[in-house]
Amino acid sequence: MPSSINRPRGTIDVLPGEVEKWQYVEESFRRICREYGYAEIRTPVFEYTELFDRGVGETTDIIEKEMYTFLDRSERSLSLRPEGTAPIARAYVEDKLFSGPQPVKVYYQGPMFRYDRPQAGRYRQFHQLGIEVFGAFSPAIDAEVIAMSMDFCRRFGLKLDLHINSVGCGVCRPVMREKLYAGLRTRLEDLCEDCRLRLERNPLRILDCKEKRCRGMAEEAAAGLNFLCPECGDHFEKVRNYLDVLDVKYIVDHCLVRGLDYYTRTAFEIMAPGIGAQRSVGGGGRYDGLVEMFGGPPTPGIGYAMGLERLLLVMQEQGLPVPCSGRLDVYIVTAEAELEGKALRLLQELRGNGMHADKDYAGRSMKAQLKQAGKSGAPFVVILGSDELRRGKVALKDMLSGSQTEVPLADLVATVTGEIDTHFTKVRRFKG
RNA sequence: GUGGAUGUAGCUCAGAUGGUUAGAGCACCAGAUUGUGGCUCUGGGGGUCGUGGGUUCAAAUCCCAUCUUCCACCCCA
């Protein structure tokens with residue numbers, strides 16, 4: 001007996017019955033992206049490691065301890081992508097998208113990889129849905145991007161909180177860092193162990209520490225900062241105004257800082273109330289320096305990413321309707337084994353007319369075939385019997401009522417198609 | 001990476017203080033007279049008790065290690 005092999009830690013198999021929910025979310029995302037004028041972009045799942053080192057920031061946790069990095073056969077360092085923005089910014093430069101009409105609006109969906117300790121809602125291979133806009137300075141685009149992410153969630157009926165903040169630009173962020181550093185350095189003893197390290201390495205992170213004693217100090221420090229330069233302050237104010245115009249509710253959270261280095265100005269995060277520690281279902285912001293950092297022309301950028309697994313988790317948590325597993329329209333049952341050939345031909349004909357049709361392939365008794373038909377969820381069953389066939393007819397059984405009628409073989413496809421149409425206008429393909 | 005919990009049939013779980021062939025419900029498969037599902041009844045298949053060591057005459061039950069999942073932290077999607 002060979003020993004069995006398990007999937008790697010922090011990965012999942014998405015099985016039939018579950019995968020329909022994924023498709024539902026993915027298809028909804030595609031639809032809304034097209035509505036908002038985004039085109040899909042697909043980039044490799046692995047890139048040169050340097051791309052992430054430079055783009056995401058060498059002192060971030062993602063780069064320091066969460067990347068799947070390996071050498072290929074010619075000793076080049078590659079990494080599985082831990083996020084989607086840096087690769088797309090790279091493509092924008094490499095594929096010269098800056099030379100076409102601006103702004104460039106793209107969306108993507110696919111797996112990301114981070115070597116982290118797994119937990120519910122946190123996996124080593126997880127999936128993101130995201131958008132990016134390049135070449136738009138206007139605060140109106142910030143508002144639209146944020147509004148679109150909330151619109152997407154709202155269409156599922158999700159109740160989520162939107163937190164927004166401005167983290168400043170290359171001019172005012174260093175000022176803020178300095179102020180924060182100066183303000184907290186004198187109170188080193190009051191900070192938690194982690195924050196003492198953060199103070200030297202990245203003081204802004206102290207703002208979202210969850211330790212109680214740091215929280216108080218952080219909020220105090222953040223409120224008193226008021227560090228934004230006039231341009232950034234004006235930008236943030238306009239973003240908020242546009243959000244108001246769009247009737248998007250938000251919480252201004254001065255402690256919101258994002259974990260990736262490339263963010264400038266607008267930062268936002270979508271949080272689900274009460275699903276444990278993994279309550280962030282998505283987030284994003286502006287990254288005006290990123291394209292230039294990759295050797296492109298100075299180009300503003302903004303985008304967000306949402307976690308598919310977390311979206312599904314919250315949807316389940318909030319008891320929202322999601323599609324049930326794929327159903328059949330018709331199931332074919334034969335009364336005698338000799339009719340199997342006829343059944344196969346009929347099946348193909350039904351399928352050729354767009355029906356979702358299937359039959360038994362285990363050589364079961366008629367009774368057992370009916371049982372399978374019942375489990376398949378097909379609302380109709382076609383029963384082939386030699387008596388009826390002699391008269392050129394087949395039996396069509398309505399599985400809901402149990403009633404049964406005889407239909408001329410020649411009319412079968414048309415009759416079934418009609419029945420299915422009326423059936424599915426009555427029965428919605430969703431369950432609570 | 002740190003701390004804590006968990007792991008018995010496909011699923012949800014029973015299996016006091018270690019002792020004969022490890023159980024239930026659900027699911028699965030098959031029957032309950034001639035060609036008909038969902039209810040009921042009967043029967044059946046399926047478990048190296050996460051894995052590997054150890055203690056013992058004897059371990060699912062005790063000890064160690066390891067893996068998985070979960071919770072908190074770190075961080076984030």
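As the structure is a prediction and not an experimental result, all values here were calculated from the model. Throughout, protein chains are lettered first and strands after them, A, B, ... in sequence-line order, and every chain is numbered starting at 1.
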Does [X] make a side-chain N or O approach to OP1 or OP2 of [N] shorter than 4.0 Å?
{"X": "R364(A)", "N": "rA30(B)", "answer": "yes"}
{"X": "R9(A)", "N": "rU69(B)", "answer": "yes"}
{"X": "Q372(A)", "N": "rC29(B)", "answer": "yes"}
{"X": "K65(A)", "N": "rG1(B)", "answer": "no"}

Length of the line joining [X]:[atom1] and [N]:[atom2], which is rounded to integer Å:
{"X": "R124(A)", "N": "rC70(B)", "atom1": "CZ", "atom2": "P", "value": "12 Å"}
{"X": "K371(A)", "N": "rA27(B)", "atom1": "NZ", "atom2": "C1'", "value": "12 Å"}
{"X": "Y331(A)", "N": "rU36(B)", "atom1": "OH", "atom2": "P", "value": "17 Å"}

* Asked: R117(A) or A305(A): which one's nearest nucleotide on RNA chain B is closer to the 5' end?
  -> R117(A)
* Asked: In terms of the nearest nucleotide of RNA chain B, which residue is placed more toward the 5' end: D398(A) or N6(A)?
  -> D398(A)
Could you check which nucleotide pairs with [N] in any of the strands shown, counting Watson-Crick or G-U wobble with both distances under 3.5 Å?
{"N": "rU2(B)", "result": "rA72(B)"}
{"N": "rG10(B)", "result": "rC26(B)"}
{"N": "rA65(B)", "result": "rU51(B)"}
{"N": "rG35(B)", "result": "none"}

Mind checking if [X] touches a base, just sugar-phosphate, or nothing, with heavy atoms under 4.0 Å?
{"X": "G130(A)", "answer": "nothing"}
{"X": "E83(A)", "answer": "nothing"}
{"X": "K375(A)", "answer": "sugar-phosphate"}
{"X": "M399(A)", "answer": "base"}
{"X": "G284(A)", "answer": "nothing"}
{"X": "E309(A)", "answer": "nothing"}
{"X": "E388(A)", "answer": "base"}
{"X": "D116(A)", "answer": "base"}
{"X": "A120(A)", "answer": "sugar-phosphate"}

* Between D387(A) and R391(A), is there a side-chain N and carboxylate O pair less than 4.0 Å apart? -> no
* Basic-acidic side-chain contact under 4.0 Å: R114(A), D116(A) -> no
Mind checking the [atom1] distance from [N] to [M]? Whole angstroms is fine.
{"N": "rG7(B)", "M": "rU12(B)", "atom1": "C1'", "value": "14 Å"}
{"N": "rC64(B)", "M": "rG46(B)", "atom1": "C1'", "value": "32 Å"}
{"N": "rG18(B)", "M": "rC62(B)", "atom1": "C1'", "value": "8 Å"}
{"N": "rG23(B)", "M": "rA60(B)", "atom1": "C1'", "value": "12 Å"}

* Asked: Taking the six-membered ring of F113(A) as reference, does the NZ or CZ atom of R124(A) fall below 6.0 Å from its centre and within a 45° cone about the axis?
  -> no
Could you work out which one of [options] sits closest to the side chain of [X]?
{"X": "M366(A)", "options": "rG37(B), rG35(B), rA77(B)", "value": "rG35(B)"}
{"X": "Q119(A)", "options": "rA72(B), rC74(B), rA77(B)", "value": "rA72(B)"}
{"X": "P118(A)", "options": "rC73(B), rU69(B), rU36(B)", "value": "rU69(B)"}

* Asked: Are any side-chain N or O atoms of N165(A) and backbone N or O atoms of A267(A), one a donor and one an acceptor, separated by less than 3.5 Å?
  -> no
* Asked: Is the side chain of D360(A) donor-acceptor paired with the backbone N or O of Q372(A) at a distance under 3.5 Å, no angle test?
  -> no
* **Check: Y287(A) ring centre within less than 6.0 Å of Y262(A) ring centre** => yes
* **More than 12 heavy atoms of other groups within 6.0 Å of E406(A) CD** => yes
